[in-house]
Amino acid sequence: MRAYSANQLDAETLMRIDAFHGIWNAGLIFFGIHLLLGLLAFRSGYVPRVLGVLLALAGLGYLVDSLGTFLSSGYSAEVAVFTGVGELLLMIWLLAKGRNIGSRLPIRAETAP
């Protein structure tokens, strides 16, 4: 560490923090795409339809925020803060009602060999 000056260490630190933010935003793009699969929850009938819609909106919020930072250096909106409500509601629903979903699944008759 003594081989580098304080300015060089500061520059290296900022460069690594910027790299972390870029990787984090790329990960949030994939997470947003993952939450768009909330439309499958909407169509499944096992989860309340409103939760499926809210999950898809949360996915759009993450995509807007992450792509906004990639496409515009001055992007500062935080859309996902407002659209992330669907994630919280899904968690509460899973804790309260989701444990009983197995009893509603159709029973398949196993075939004998």
Side-chain angles (χ1 to χ4, degrees):
M1 296 300 269
R2 295 176 194 218
Y4 297 105
S5 70
N7 288 337
Q8 288 173 324
L9 288 174
D10 290 344
E12 177 76 20
T13 302
L14 288 175
M15 186 176 69
R16 288 181 186 231
I17 289 172
D18 286 341
F20 170 79
H21 285 290
I23 293 168
W24 183 262
N25 283 328
L28 286 180
I29 289 173
F30 290 115
F31 186 65
I33 292 169
H34 164 291
L35 285 180
L36 283 175
L37 295 177
L39 295 175
L40 294 176
F42 175 81
R43 293 181 62 197
S44 74
Y46 294 118
V47 177
R49 289 180 164 239
V50 68
L51 288 179
V53 170
L54 289 173
L55 283 176
L57 286 174
L60 284 175
Y62 281 115
L63 284 173
V64 166
D65 284 346
S66 299
L67 290 174
T69 57
F70 276 127
L71 299 176
S72 173
S73 62
Y75 182 81
S76 64
E78 293 290 331
V79 178
V81 171
F82 301 106
T83 61
V85 173
E87 294 175 79
L88 176 67
L89 292 176
L90 176 68
M91 177 190 67
I92 293 168
W93 181 84
L94 285 171
L95 289 171
K97 304 272 184 175
R99 62 188 168 102
N100 296 326
I101 198 167
S103 62
R104 296 189 305 175
L105 294 175
I107 299 173
R108 294 184 192 173
E110 294 195 27
T111 58

Run the side chain to side chain donor-acceptor pair (under 3.5 Å) test against Thr69 and tell me which residues pass, sequence neighbours left out. Asn25
same_hphob_cluster(Leu40, Leu60) at 4.5 Å side-chain heavy-atom cutoff: no
Cluster check Val50, Trp93: I/L/V/M/F/W/Y, side chain < 4.5 angstrom: yes
How far apart are the closest heavy atoms of Ala41 and Gly52, and which atoms are they? CB-CA, 4.3 Å
Do Phe31 and Leu94 share a hydrophobic cluster (ILVMFWY, side-chain heavy atoms under 4.5 Å, transitive)? yes
State the NE2-CD1 distance between His21 and Ile23, to the nearest 0.5 angstrom. 11.0 Å
First locate atom CG of Leu14, then atom CG of Leu9, and finally report the distance between them rounded to the nearest 0.5 Å. 11.0 Å
Using every non-hydrogen atom in the two residues, find where Ala58 and Gly84 come nearest and quote the distance to one decimal. CB-CA, 4.3 Å
For Phe82, does the CZ atom have more than 12 heavy-atom neighbours from other residues, nucleotides or ligands under 6.0 Å away? no
Within a strict 4.5 Å, meaning less than it, do heavy atoms of the Leu63 and Leu36 side chains meet? yes
Holding to side chain to side chain donor-acceptor pair (under 3.5 Å), I want the full list of residues that pass it with Glu12, two or more places apart in sequence or in another chain. Arg16
Single-linkage hydrophobic cluster, 4.5 Å side-chain cutoff, Leu88 and Leu95 together: yes
Enter the distance from Ser72:OG to Leu67:CG here, rounded to the nearest 0.5 Å. 12.0 Å
Kindly work out whether a path of hydrophobic side-chain contacts (I/L/V/M/F/W/Y, heavy atoms less than 4.5 Å apart) joins Leu39 to Leu35. no
Pairwise distance CD1(Ile17) to CE(Met15) - rounded to 0.5 angstrom: 11.0 Å
Specify the closest pair of heavy atoms between Ile29 and Ser66, including all atoms of both residues, with the distance to one decimal. CG1-CB, 3.4 Å
Quick check: closest heavy atoms across Gly68 and Tyr75, and the distance to 0.1 Å? O-CB, 3.3 Å
Is Leu55 close to Leu90 at the side-chain level, that is, under 4.5 Å between some pair of heavy atoms? yes
Work out which heavy atom in Ser44 is nearest to a heavy atom in Val47; give both atom names and the distance. OG-N, 3.9 Å
